[in-house]
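For reference, the structure is listed below as structure tokens.
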2 protein chains.
Amino acid sequence: MSHENILELFERLTLLEKANERAIAQAHSLQAVQLVALHYLARCNRFSDTPAAVTEYLSATKGTVSQSLIQLEKKGMVTKVQDPEDKRVSHLKLTSLGRSLVKQTNQLALLDQALGGLDCEEKAALESLLRKTLIELQNTHKHAMFGPCSQCKHLQKSKGGHLCGLTKEPLYESDLVQICREYTHP
Amino acid sequence: MSHENILELFERLTLLEKANERAIAQAHSLQAVQLVALHYLARCNRFSDTPAAVTEYLSATKGTVSQSLIQLEKKGMVTKVQDPEDKRVSHLKLTSLGRSLVKQTNQLALLDQALGGLDCEEKAALESLLRKTLIELQNTHKHAMFGPCSQCKHLQKSKGGHLCGLTKEPLYESDLVQICREYTHP
DNA sequence: GGTTTTTGGTATCGACTCGATACTTGTAAC
DNA sequence: GTTACAAGTATCGAGTCGATACCAAAAACC
């Protein structure tokens with residue numbers, strides 16, 4: 001009748017996953033937060049690769065995130081590129097070292113391995129249930145959701161391609177699958 | 001085809017929930033970890049209310065957990081009671097202050113609110129999928145699982161009641177719904 | 001029965017996170 | 001042009017975390 005069981009399961013999964021994340025990060029001389037940020041940067045689009053976006057994604061404060069990003073830069077995982085239009089913002093690009101680290105650690109998530117035990121139908125069901133929960137959560141609170149442009153409310157078709165209704169910028173194929181900080185459910 | 005979407009959704013939910021946890025904890029002058037520990041202690045059985053069990057649950061090191069528990073004790077949320085049989089172990093009992101805090105913060109989980117948007121069938125489906133995932137995870141790695149005695153492999157019936165096959169101790173009604181560190185899936 | 005090993009728990013140290021505040025610089029609003 | 005605001009950095013104190021060392025009680029061993 002209540003949600004207690006789900007909450008417990010979720011918390012348990014979360015704790016195990018978190019511990020695993022820490023272990024993996026440590027194996028590469030990184031902090032857990034830094035690894036999460038790195039994975040985020042590897043799959044966000046070019047509107048969402050700024051320190052501010054990472055801050056929003058991690059739900060942390062900009063001071064903290066700034067420091068973590070400086071660490072990542074020191075370790076040669078990312079480089080900062082100043083935005084040509086707005087000189088205040090910088091874009092974070094993964095170096096080849098950063099990209100290879102992401103690749104190495106991609107399949108190490110405990111969850112990823114555990115999900116191998118589900119068949120396709122179950123995975124689809126789980127995905128849609130989780131998505132529904134997340135959307136519900138976004139409705140009650142006003143948090144950024146960070147989804148792919150391809151499923152976003154702001155996606156528009158233009159001659160021969162796509163367009164973001166918010167920024168009016170063209171979206172190419174590669175943009176569509178990446179996640180964006182402005183994602184809104186239709 | 002792959003699990004990427006599920007992993008993303010899961011990570012997003014986790015990050016939001018974590019941020020929320022921090023905020024709630026801070027509102028009560030606690031650390032997030034301390035609040036999680038407190039909630040754990042509120043629903044574990046009498047075999048699982050020791051510092052070692054909390055350590056296992058949080059997947060942290062005993063040194064760290066020891067400090068967190070000392071903080072909780074200082075703040076009057078829990079009290080330590082030495083085990084009469086094994087003088088090394090201490091049991092952590094919630095004070096009335098601790099219990100009331102747990103009650104206050106119980107319904108504040110973002111997830112809890114978001115799950116309100118699912119109907120009963122969906123919730124049941126989500127629960128069983130998450131459980132299957134967790135069991136799968138336990139099979140590949142050997143982590144403690146922390147489930148309720150009522151669903152445990154070690155549960156045995158005895159004359160007029162139940163019994164834990166591992167410790168041979170009697171289990172009363174109230175024990176059955178609480179979570180135990182020795183939980184094993186049948 | 002006495003020695004060794006293991007286990008539960010604490011104490012302490014350094015590296016790091018995190019939040020808060022203050023600050024700089026660039027952009028937008030009026 | 002002045003003011004407000006936004007992006008990002010710097011810094012400080014409180015606290016987490018992992019590692020190590022340590023103590024005491026229990027268990028295993030001979």
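Numbers restart at 1 for each chain; the letters A, B, ... are given by sequence-line order, proteins then strands.
A donor-acceptor pair under 3.5 Å links the side-chain atoms of A:T95 to the main chain of A:M77, judged by distance alone. At distances below 3.5 Å, at least one donor-acceptor pair connects side-chain atoms of B:T55 with backbone N or O atoms of B:P51.
A:Y57 and A:I70 fall into different hydrophobic clusters, where Ile, Leu, Val, Met, Phe, Trp and Tyr residues are linked whenever their side-chain heavy atoms come under 4.5 Å apart, directly or through other members.
Taking atom CD of residue B:Q26 and atom C1' of nucleotide C:dG19, one finds them 7 Å apart after rounding to whole Å. Atom CD of A:Q34 and atom C1' of C:dC18 are 13 Å apart (whole Å).
Sorted by first then second residue, the salt bridge (Lys or Arg N to Asp or Glu O under 4.0 Å) pairs that include residues 23-48 of chain B, not counting sequence neighbours, are A:E8-B:R43, A:E11-B:R43, B:R46-B:E169, B:R46-B:D175. Sorted by first and then second residue, the side-chain hydrogen bond (donor to acceptor under 3.5 Å, both in side chains) pairs with a member in residues 22-32 of chain A read A:H28-A:Q104; sequence neighbours excluded.
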Pair A:K123-A:E127, salt bridge (Lys or Arg N to Asp or Glu O under 4.0 Å): steps then yes or no: CA-CA 6 Å; A:K123 279 191 268 191; A:E127 183 179 333; over 6 Å; no
Protein-to-nucleotide contact annotation, 5' to 3' order, nucleotides 24-30 of chain C [B base; S sugar-phosphate only; - none; under 4.0 Å, heavy atom]: --BS---
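Put simply, the side chain of B:I6 does not reach to within 4.5 Å of the side chain of B:L9, judged on heavy atoms. Between B:V65 and B:V33 there is no side-chain heavy-atom pair separated by less than 4.5 Å. Between B:H91 and B:K80, the closest side-chain pair of non-hydrogen atoms is not below 4.5 Å.
Distance from the side chain of B:A52 is smallest to C:dG9 among C:dG19, C:dC16, C:dG9.
Each end of the helix from C:dG1-D:dC30 to C:dC30-D:dG1 gets its own axis from five base pairs, and the two axes differ in direction by 30°, given to 10 degrees.
The span of DNA chain D lying next to chain B, judged by atoms under 4.0 Å from heavy atoms, is bounded 5' to 3' by D:dG15 to D:dA26.
The stretch residues 61-74 of chain B touches DNA chain D through B:T61, B:T64, each having a heavy atom under 4.0 angstrom from the strand.
Ranked by how close their nearest DNA chain C nucleotide is to the 5' end, A:Q31 and A:A60 are led by A:Q31.
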